[in-house]
Amino acid sequence: MILEIALSALFFLFLGFLYVKGYDVVKQHSPEHLPHFYLIMATIRMLLVGTVVALYVFFTENREDTIRFALTIIIMYVVMMVVTLKLRH
């Protein structure tokens, strides 16, 4: 379980890093497109998180581990969304 949490945290750090760097680039070159960038990144993050959870469910047979992992990922996703909204808006 510790490995799963560590990998999930790295996954979200990577997504956060991409968002922050992309935000800075869009803000510098064409700030009028920031709302579009935010919506596109939110969609990409949601799809990637859903894909990670679906793959874990598909490859894991233990129901309790699957539920625990899905809840962990959902909590991390919500925290990431709150942090990005607070930092950049």
Given the rule that I, L, V, M, F, W and Y join up when any side-chain heavy atoms are under 4.5 Å apart, are [X] and [Y] in one cluster?
{"X": "Met81", "Y": "Met76", "result": "yes"}
{"X": "Leu13", "Y": "Tyr77", "result": "no"}
{"X": "Leu7", "Y": "Val49", "result": "no"}
{"X": "Tyr56", "Y": "Met46", "result": "yes"}
{"X": "Ile40", "Y": "Leu48", "result": "yes"}

- Query: Are the aromatic rings of Tyr19 and Phe37 close, with centres under 6.0 Å apart?
  - Reply: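 Ring centres of Phe37 and Tyr19 closer than 6.0 Å.
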
Which heavy atom in [X] sits nearest to a heavy atom in [Y], and how many Å separate them?
{"X": "Val53", "Y": "Phe69", "value": "CA-CE2, 4.3 Å"}
{"X": "Thr51", "Y": "Leu47", "value": "OG1-O, 2.7 Å"}
{"X": "Phe12", "Y": "Ile73", "value": "CZ-O, 3.7 Å"}

Roughly how far apart are [X] [atom1] and [Y] [atom2], rounded to 0.5 Å?
{"X": "Ile5", "Y": "Arg68", "atom1": "CD1", "atom2": "CZ", "result": "9.0 Å"}
{"X": "Arg45", "Y": "Leu18", "atom1": "CZ", "atom2": "CG", "result": "10.0 Å"}
{"X": "Glu4", "Y": "Asp65", "atom1": "CD", "atom2": "CG", "result": "6.5 Å"}
{"X": "Thr60", "Y": "Leu55", "atom1": "OG1", "atom2": "CG", "result": "10.0 Å"}

**Prompt:** So do the side chains of Arg63 and Ile67 get within less than 4.5 Å of each other, counting heavy atoms only?
**Reply:**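 Arg63 vs Ile67: side chains touch.
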
**Prompt:** Hey, is Asp24 close enough to Lys27 for a salt bridge, meaning N to O under 4.0 Å?
**Reply:** no

CD/Glu32: more than 12 non-hydrogen atoms of other groups inside 6.0 Å = yes

